[in-house]
Colleague: 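The structure's right below; bear with me while I get my questions together.
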Amino acid sequence: MPTPRMSPRRIVVTGLICLIAWCASATSAVGSSKGPAPLYWGAEIGAQITGEKAPWDMRAVRRFAKVAGKGLSLVSFTAPFAECSGSSCVFGKFPTTPLENVRRYGAIPVFGWNSGSNAPGVRQPEFGLADLIGGRYDAYIREFAIEAREWGHPFFLRFDWEMNGFWFPWAEGVNGNKPGEFVLAWRHVHDIFSSVGATNATWVWSPNIDLQGALTPLRSLYPGDRYVDWTGIDGFNWGKRRGSPGWRTFDQVFQGTYRRIVRGIAPGKPLMISEVASTARGGNKAAWIKDMLAKIPRRYPKVRGVVWYDLNDRGSGWPIETSPRASSAFRNGIGAAVYRPNLYGDVATSPIRPPSR
């Protein structure tokens, strides 16, 4: 078949199109040369280091930072609505002191607050989602929110995390909770904070990873962009352990849930890996950590914060400080400039923004 001839005019037009395409490509290349966006990083630190959890004991934070070779820009901790003994419950006050400890250190608090009690198990009939929706705890929540407003500094509020599972009393399908109630309960609590002017809370919606697609679908649990400032994901490599799916890479643990959130549920929100850790059972924990810290900035661009779960949990071996190889891998990875140190004690904007370049 003969080769068709191109007119001079078409040659000029084609050349211009190619030049424009080249310029766009070059511009894109220049933009990408900035490298990955910076991240906050930190840990939830258990009592194994000093005998008391951080941030009640800030020595634990400083010793963890010494192992990591860098100051933390996030310090995470949790508390329930109430501490109960038998039929008697004492409702917790807003944790001003530990929050202030974190702020003075130069980090941003990540406070996990849940609508249950410290009682074991999921059956807590007095703390059902319908109780929140119906206003049973409105006075308590309002007082808590006023105390948050009076403290006045921005903090991450990670409310009723891992709601897509079945192991906490605020999950749908357990404790008498019905489909659709989680969103209503979240919005109800959020609205109380807004009504008293507690706008210094940055709301983090933090489901668990779902490896098998067996948990409650995330879309049905998302309260909506108006009620969520950051999304989050909790996920662990449990390794070879009874009841676990076996050793999993960081991608195998997080990639599927990450894609569901950033592509279809909350594409406009920054994301925090709000709990992550790996065991050493069945694989190389140090290599897993190295892979994670190298991969997050390059392949998970929506992730703008990461929190290592440095607690002893059911013999899992999550802490890094108990293993020289894991400590070294963590130190080397977190040493990258993209992971920001404790320079955020004076953060003033709420909702909290991701760190700037």
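The structure displayed is predicted, hence computed values, not measured ones.
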Colleague: Hydrophobic clustering (ILVMFWY, side-chain heavy atoms < 4.5 Å, transitive) - are L343 and I352 grouped together?
Modeller: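 Yes.
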Colleague: Answer with yes or no whether the side chains of H153 and D346 bring together a donor and an acceptor at under 3.5 Å.
Modeller: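 There is no such pair (donor and acceptor under 3.5 Å, judged by atom type) between the side chains of D346 and H153.
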Colleague: Start with the C-alpha gap between R325 and N284, add the side-chain angles, then the distance that decides, and say whether side chain to side chain contact (heavy atoms under 4.5 Å, CB included) holds.
Modeller: CA-CA 9 Å; R325 292 184 63 200; N284 188 327; 3.3 Å; yes
Colleague: Please report, to 0.1 Å, the donor-acceptor pairs under 3.5 Å made by any side chain of residues 76-92, with sequence neighbours excluded.
Modeller:
from	atom 1	to	atom 2	distance (Å)
S76	OG	V110	O	3.4
E83	OE1	N118	ND2	2.9

Colleague: Drop me the distance from R331's CZ to I289's CD1, to the nearest 0.5 angstrom.
Modeller: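 Between atom CZ of R331 and atom CD1 of I289 there are 14.0 Å.
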Colleague: For T50 and A60, indicate whether the former's side chain and the latter's backbone hold a donor-acceptor pair under 3.5 Å.
Modeller: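 Pair absent, no side-chain N/O of T50 close to backbone of A60.
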Colleague: For side chain to side chain contact (heavy atoms under 4.5 Å, CB included), just list the numbers for I320 and F64, CA-CA rounded to whole Å, side-chain angles, deciding distance to a tenth of an Å, and then say yes or no.
Modeller: CA-CA 9 Å; I320 60 166; F64 182 88; 3.7 Å; yes
Colleague: Any side-chain to backbone donor/acceptor pair from N164 onto N208? Under 3.5 Å, distance only.
Modeller: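 A pair under 3.5 Å: yes.
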Colleague: For R314 and W238, which heavy atoms make the closest approach, and how far apart are they?
Modeller: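 What the structure gives for the nearest pair is NH2-CH2, 3.5 Å.
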Colleague: Give me the atom names and distance for the closest heavy-atom approach of P55 to P98.
Modeller: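 Looks like CG-CB, 3.5 Å.
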Colleague: For the pair W170 and F182, evaluate ring-ring contact (aromatic ring centres under 6.0 Å, His included) and give the outcome as yes or no after the intermediate values.
Modeller: CA-CA 7 Å; W170 51 86; F182 178 81; 8.8 Å; no
Colleague: Do D229 and T202 pair up side chain to side chain, a donor and an acceptor below 3.5 Å, judged on atom types alone?
Modeller: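 On atom types as modelled, these side chains do not qualify, holding no pair under 3.5 Å.
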Colleague: Closest approach of G232 and I261, non-hydrogen atoms and distance?
Modeller: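 That would be O-CD1, 3.9 Å.
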Colleague: Please answer whether the main-chain N or O of V174 pairs with a side-chain N or O of N177 as donor and acceptor at a distance below 3.5 Å.
Modeller: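 Here the side-chain-to-backbone pair exists.
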Colleague: So F159 and V189, side chain to side chain contact (heavy atoms under 4.5 Å, CB included) or not? Walk me through it.
Modeller: CA-CA 9 Å; F159 182 64; V189 176; 3.9 Å; yes
Colleague: Counting N and O atoms only, with roles assigned by atom type, does the side chain of Q124 sit under 3.5 Å from a partner on the main chain of A119, one being a donor and the other an acceptor?
Modeller: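 Here the side-chain-to-backbone pair exists.
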Colleague: How about R136: does its CZ atom have over 12 heavy atoms from other parts shown lying under 6.0 Å from it?
Modeller: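 Result for CZ/R136: enclosed.
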Colleague: For W247, is there any backbone N or O sitting under 3.5 Å from a side-chain donor or acceptor partner on R281?
Modeller: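 Absent.
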Colleague: Quiz question: by atom type and distance under 3.5 Å, do the side chains of T257 and D210 form a donor-acceptor pair?
Modeller: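 There is no such pair between these side chains.
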Colleague: Hey, do the aromatic rings of W205 and Y222 have their centres closer than 6.0 Å?
Modeller: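 Judged by ring-centre distance (under 6.0 Å), W205 and Y222 do meet the cut-off.
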Colleague: Among the clusters formed by ILVMFWY side chains lying less than 4.5 Å apart, do V307 and L271 turn up in the same one?
Modeller: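 Per the 4.5 Å side-chain linkage, V307 and L271 are not co-clustered.
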Colleague: Could you please spell out the steps behind the side-chain hydrogen bond (donor to acceptor under 3.5 Å, both in side chains) verdict for D160 and S115?
Modeller: CA-CA 7 Å; D160 277 2; S115 60; 2.8 Å; yes
Colleague: Would you please say whether a donor-acceptor pair under 3.5 Å links the side chains of N237 and S278?
Modeller: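 Indeed, the side chains of N237 and S278 share at least one donor-acceptor pair under 3.5 Å.
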Colleague: Take a 6.0 Å sphere around CZ of R357 and say whether it holds more than 12 heavy atoms from other residues, nucleotides or ligands.
Modeller: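 Atom CZ in R357 is crowded, with more than 12 foreign heavy atoms closer than 6.0 Å.
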Colleague: Within the distance-only criterion (no hydrogens, no angle test), does the side chain of N332 pair as donor or acceptor with the backbone N or O of A329 below 3.5 angstrom?
Modeller: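 Such a contact is absent between N332 side chain and A329 backbone.
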Colleague: Can you check whether Y300 and F250 have ring centres sitting under 6.0 Å from each other?
Modeller: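 Ring-ring flag for Y300/F250: true, centres closer than 6.0 Å.
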Colleague: Could you give me the CA-CA distance, side-chain angles and deciding distance for V303 and L39, then say whether side chain to side chain contact (heavy atoms under 4.5 Å, CB included) is met?
Modeller: CA-CA 7 Å; V303 173; L39 297 87; 3.8 Å; yes
Colleague: Tell me whether V102 is reachable from I108 by hopping between hydrophobic residues (I, L, V, M, F, W, Y) whose side-chain heavy atoms are closer than 4.5 Å.
Modeller: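 In one cluster with I108: V102, no.
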Colleague: At what distance, to the nearest 0.5 angstrom, does CD of E162 lie from CD1 of I209?
Modeller: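 If I round to the nearest 0.5 Å, the distance is 9.5 Å.
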Colleague: If you compare all heavy atoms of A266 against all heavy atoms of T231, which two are closest, and at what distance to 0.1 Å?
Modeller: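 For A266 versus T231, the nearest heavy atoms are CB-CG2, 3.6 Å.
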Colleague: Drop me the distance from K178's NZ to E172's CD, to the nearest 0.5 angstrom.
Modeller: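 K178 NZ to E172 CD: 11.5 Å, rounded to 0.5 Å.
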Colleague: Check for a donor-acceptor pair, side chain of K285 on one end and backbone N or O of W318 on the other, with a separation under 3.5 Å.
Modeller: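 Checking the backbone N and O of W318 against the side chain of K285, a donor-acceptor pair under 3.5 Å is found.
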Colleague: OH/Y137 to CG/D131 distance, rounded to the nearest 0.5 angstrom?
Modeller: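 That separation rounds to 5.0 Å.
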Colleague: Taking all atoms of both residues into account, what is the closest heavy-atom pair of Q48 and N312, and its distance?
Modeller: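 Looking at all heavy atoms of both residues, the closest pair is CB-ND2, 3.5 Å.
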Colleague: Does Y105 reach the main-chain N or O of L72 with its side chain, forming a donor-acceptor pair under 3.5 Å?
Modeller: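 Looks like yes, one N/O pair under 3.5 Å.
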Colleague: Mind checking whether Y227 and I141 sit in one hydrophobic cluster, side chains of I, L, V, M, F, W, Y counted as touching below 4.5 Å?
Modeller: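 Same cluster.
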Colleague: Just checking F94 against F155, ring centres under 6.0 Å apart?
Modeller: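 Yes; F155 has its ring centre under 6.0 Å from that of F94.
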Colleague: Minimum heavy-atom separation for P245 and L211, please, with both atom names.
Modeller: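 So the minimum-distance heavy-atom pair works out to CG-CD1, 3.7 Å.
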Colleague: Looking at K70, I'd like to know if its NZ atom is crowded, meaning that more than 12 non-hydrogen atoms belonging to other residues, nucleotides or ligands lie closer than 6.0 Å.
Modeller: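 Above 12, so yes.
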Colleague: Counting only N and O atoms by type, is there a donor-acceptor contact under 3.5 Å from the side chain of Q255 to the main-chain atoms of Q252?
Modeller: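 No, Q255 side chain to Q252 backbone: no donor-acceptor pair under 3.5 Å.
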Colleague: Can you measure from CD (E100) to CH2 (W151) and round to the nearest 0.5 angstrom?
Modeller: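 Here the interatomic distance stands at 6.0 Å.
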Colleague: Taking the basic N atoms (NZ, or NE/NH1/NH2) and the acidic carboxylate oxygens, is any pair closer than 4.0 Å for E143 and K93?
Modeller: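 A salt bridge links E143 with K93.
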Colleague: With sequence neighbours excluded, give me every ring-ring contact (aromatic ring centres under 6.0 Å, His included) pair touching residues 335-357.
Modeller: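 Qualifying pairs: Y40-Y344.
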Colleague: I'd like to know whether CZ of F166 has more than 12 heavy-atom contacts from other residues, nucleotides or ligands below 6.0 angstrom.
Modeller: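 It does not: F166 CZ has 12 such atoms or fewer within range.
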Colleague: List the steps and the verdict of salt bridge (Lys or Arg N to Asp or Glu O under 4.0 Å) for R158 and D234.
Modeller: CA-CA 11 Å; R158 186 168 157 254; D234 296 359; 2.5 Å; yes
Colleague: More than 12 non-hydrogen atoms from neighbouring residues, nucleotides or ligands closer than 6.0 Å to CZ on R298, yes or no?
Modeller: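 Buried by this count: over 12 neighbours within 6.0 Å.
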Colleague: Taking only residues two or more places apart in sequence, or in another chain, which ones meet F156 in a ring pair (Phe, Tyr, Trp, His ring centres under 6.0 Å)?
Modeller: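 Only W230 meet the ring pair (Phe, Tyr, Trp, His ring centres under 6.0 Å) criterion with F156.
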Colleague: For A148, is there any backbone N or O sitting under 3.5 Å from a side-chain donor or acceptor partner on N200?
Modeller: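 Judged by distance alone, yes, a pair lies under 3.5 Å.
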Colleague: What do the steps show when you test W113 against W161 for ring-ring contact (aromatic ring centres under 6.0 Å, His included), and what is the final call?
Modeller: CA-CA 8 Å; W113 190 41; W161 59 95; over 10 Å; no
Colleague: Determine whether more than 12 heavy atoms belonging to other residues, nucleotides or ligands lie under 6.0 Å from atom NZ of K290.
Modeller: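 Not buried by this count: 12 neighbours or fewer within 6.0 Å.
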Colleague: Taking atom types as modelled, is there a side-chain donor on E321 or S327 under 3.5 Å from an acceptor on the other?
Modeller: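 Side-chain D/A pair, E321 to S327: absent.
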Colleague: Any chance you could measure K269, atom NZ, to D225, atom CG, to the nearest 0.5 Å?
Modeller: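 So the gap between those two atoms works out to 4.5 Å.
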Colleague: Consider only side-chain N and O atoms of S206 and S274, and report whether a donor and an acceptor are under 3.5 Å apart.
Modeller: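 There is such a pair between these side chains.
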Colleague: Please determine whether the number of non-hydrogen atoms from other residues, nucleotides or ligands lying under 6.0 Å from atom CZ of R187 exceeds 12.
Modeller: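 Yes, CZ of R187 has more than 12 neighbouring heavy atoms, counting only those of other groups under 6.0 Å.
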Colleague: Examine I49 and V61 and state if one hydrophobic cluster contains both, with Ile, Leu, Val, Met, Phe, Trp and Tyr joined whenever side-chain heavy atoms are less than 4.5 Å apart.
Modeller: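 In one cluster: yes.
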